[in-house]
Amino acid sequence: MNQYVLDFEKPIRELEARIAELREHSKPADAFTAKEIKKLEAQVVRLRAQIYAKLTRWQRVQLARHPNRPYTLDYIERMIADFIELHGDRFFGDDPAIVAGIGRLEQQPVVVIGHQKARETKEKLRRNFGMPHPEGYRKALRLMKLAARFKRPVICLIDTPGAYPGIGAEERGQAEAIARNLFEMAHLPTPIIVAVIGEGASGGALGIGVGDRILMMENTWYSVITPEGCAAILYRDAANAPQAAEAMRVTPDDLLKMGIIDKIIKEPPGGAHAHPDAAAQLLKQALLQELASLRRISATQLVKQRIEKFNRMGVYLE
Amino acid sequence: MEWYKRTNKGLEPSEKKELPDGLWIKCEDCGEILYKKELDRNAKVCLKCGHHFRMSAEEYIRLLADDGRFDEFNAELRSTDPLKFKDSKKYSDRLKEAMERTGLNEAVRTGCCSVNGMPVVLAVMDFSFIGGSMGSVVGEKICRAVDRALQTSSPLIIISASGGARMQEAALSLMQMAKTAARLALLSDAGIPYISLLTDPTTGGTTASFSMLGDLNLAEPGALIGFAGPRVIKQTIGQDLPEGFQRAEFLLQHGFLDAIVPRTELKKQLSQMLHFFINRKRKD
């Protein structure tokens with residue numbers, strides 16, 4: 001895998017490189033270098049904690065987009081046993097920007113749905129950079145309804161820069177497809193757990209984002225539009241994206257304060273992109289925990305609570 | 001350089017037609033000069049080409065409500081600028097300006113009225129208030145209108161005119177899409193009809209939530225309706241867009257509208273549709 005390093009990660013990476021170098025050059029290890037390595041390692045931990053403690057919102061956005069971050073299929077591979085991908089919306093086609101399928105989360109059969117990004121150019125194009133067309137949302141809905149009929153919970157993983165703005169997407173009703181999903185997900189009689197694992201931009205994210213529990217991983221963002229899109233419209237220049245990210249308050253902490261999400265899932269030190277396996281474990285534990293609490297609630301009650309949950313969102317003066 | 005000199009006189013610029021303020025208006029589409037009073041009498045539809053001028057919420061209410069009587073509720077709900085949002089201007093200042101300019105508190109008005117004797121709950125968006133964008137207040141007012149329809153078992157009509165979710169309330173605006181759609185799911189489960197009318201323009205998060213969720217989706221002729229705005233699509237694909245793209249007729253052709261209703265026919269057709277849903281003696 002390509003090691004892509006963000007600017008603010010560089011001091012950490014440099015220290016780590018020095019440790020690796022020391023290890024390489026002191027074989028067999030002598031007491032002095034061993035001590036030196038220990039010191040450096042402690043320094044890495046401190047430095048990392050320092051840098052990650054005061055990330056700007058824009059840095060958080062950059063982390064959410066880190067190409068080494070696990071994508072939906074990376075998480076599925078690590079969390080879901082016996083996963084089988086299922087395709088197609090039965091109307092028009094199959095959208096590779098959304099993957100969906102069945103499998104087991106520990107003992108529990110589940111339907112898993114998520115936006116899918118890619119790392120290699122060809123695959124990126126095939127996945128359309130994780131930007132779905134209407135058939136993606138309709139495939140997702142088809143499988144959610146399947147889940148409901150057989151009383152299986154639904155897990156949705158969000159990671160998209162937005163629904164695709166193109167001619168075909170409009171012809172096939174991008175707006176209708178998203179609206180329909182919001183409507184149907186609101187009263188789907190089975191538990192739905194949503195987790196933002198990377199980027200959550202606009203209706204494209206929300207189109208698979210209505211659920212009983214909304215979680216966000218630590219280094220992700222979620223808002224009404226990308227910071228670039230907001231900057232292009234309100235600041236007349238996409239280069240002002242960092243300011244737009246600040247103004248829109250896009251981080252998990254912000255959304256927790258706004259009363260939109262229920263919980264933030266911690267990532268391993270250095271972020272999910274540094275330790276995908278550990279990140280997947282943490283996500284899995286969080287999902288299992290939520291699932292356990294939702295399983296006790298009847299479907300009717302679940303739907304009632306879900307609609308109430310969204311009805312509480314918003315701030316206004318009466 | 002003789003050949004470079006202009007020998008012909010060239011075209012005379014046509015003289016600017018001075019129009020007395022407020023009496024006459026030029027059709028944005030065909031250029032016809034229209035007598036404003038006559039245009040207003042024709043529900044702001046061009047008498048020559050049928051172009052639909054944009055209308056305010058107030059004008060739609062007067063067009064549809066019997067005797068113009070509209071029992072408005074939740075008119076006092078206001079946005080608080082929860083994120084203390086600032087771009088080139090403070091959001092709180094934008095709100096203040098919009099309120100002063102339009103005399104409205106927000107981008108939607110909600111209330112009860114009768115349409116040819118049929119009691120309905122009516123919500124009308126107003127594009128002149130920050131582009132008819134949906135923030136917390138619009139979402140809440142739509143939900144309360146749904147609740148009123150539920151309580152009174154009356155049909156719901158929503159007239160949309162909106163650029164989408166309001167960026168200045170960021171994720172809170174986004175969630176209004178889910179909030180309104182969820183509320184409409186309740187209405188649908190209760191068997192109460194909802195008619196959505198999309199007017200020019202209806203795009204973004206509004207189209208992708210309540211506007212597209214009518215038991216009947218109607219639109220006015222020529223209205224721009226879509227998810228992404230045409231400019232964004234053009235930038236993304238780097239091509240010109242086909243003629244008529246994202247207009248009401250295009251959506252009808254692709255199966256996303258039940259009907260296109262000219263504004264001059266709106267009240268009549270709405271009441272016909274309402275009578276299909278609610279079987280009552282007709283008054284008209």
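In this text, all values refer to a predicted model and were calculated from it rather than measured experimentally. We use all heavy atoms of the structure for the numbers below, so side chains are in, but hydrogens, waters and symmetry mates are not. In what follows, chains are A, B, ... by sequence order, proteins preceding strands, each numbered from 1.
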Can you name the nearest heavy-atom pair linking [X] to [Y], along with the distance?
X	Y	result
Y222(A)	A171(B)	O-CB, 4.2 Å
A170(B)	V224(A)	O-CB, 3.4 Å
A208(B)	L182(A)	O-CD1, 3.5 Å
G203(A)	L174(B)	N-CD1, 3.6 Å

Structural part of [X] lying under 4.5 Å from a heavy atom of chain B:
X	value
V210(A)	side chain
L206(A)	side chain
F183(A)	both

Quick check on the interface: out of [options], who has the most heavy-atom pairs with chain A under 4.5 Å?
options	value
T207(B), L83(B), T236(B), T80(B)	L83(B)
G164(B), S188(B), G204(B), S209(B)	S209(B)
R183(B), M212(B), Q246(B)	R183(B)
T206(B), D87(B), L184(B)	D87(B)

Whatever's closer than 4.5 Å to a heavy atom in chain A on F250(B) counts as side chain
Less than 4.5 Å to any heavy atom of chain A: does that hold for the side chain of D189(B), its backbone, both, or neither?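 Contact with chain A: side chain only.
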Just by modelled atom types, is the V315(A) backbone N or O under 3.5 Å from a matching donor or acceptor in the S136(B) side chain? yes
Can a donor-acceptor pair be found, under 3.5 Å and without considering hydrogens, that links the side chain of Q176(B) to the backbone of M313(A)?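 Flag set: sc Q176(B) to bb M313(A) pair under 3.5 Å.
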Is the shortest heavy-atom distance from the side chain of Y316(A) to the side chain of E169(B) under 4.5 Å? no
Separation of [Y] [atom2] from [X] [atom1] (nearest 0.5 Å):
X	Y	atom1	atom2	answer
N311(A)	R144(B)	CG	CZ	9.0 Å
C143(B)	I307(A)	SG	CD1	10.5 Å
L172(B)	M248(A)	CG	CE	12.5 Å

Highest number of heavy-atom pairs under 4.5 Å with chain B: which of S202(A), A179(A), A186(A)?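 Most heavy-atom pairs under 4.5 Å with chain B: A179(A).
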Residues of residues 153-174 of chain A near chain B, each having a heavy atom less than 4.5 Å away: A163(A), Y164(A), P165(A), G166(A), I167(A), E170(A), E171(A), R172(A), G173(A), Q174(A)
Would you find more than 12 non-hydrogen atoms of other residues, nucleotides or ligands less than 6.0 Å from [X] atom [atom1]?
X	atom1	answer
E318(A)	CD	yes
R101(B)	CZ	yes
K84(B)	NZ	yes

Tell me whether K179(B) is salt-bridged to E308(A), with the criterion being a basic N under 4.0 Å from an acidic carboxylate O. no
Pair E140(B), R312(A) - check salt bridge (Lys or Arg N to Asp or Glu O under 4.0 Å), show working. CA-CA 9 Å; E140(B) 179 66 19; R312(A) 281 192 300 271; over 6 Å; no
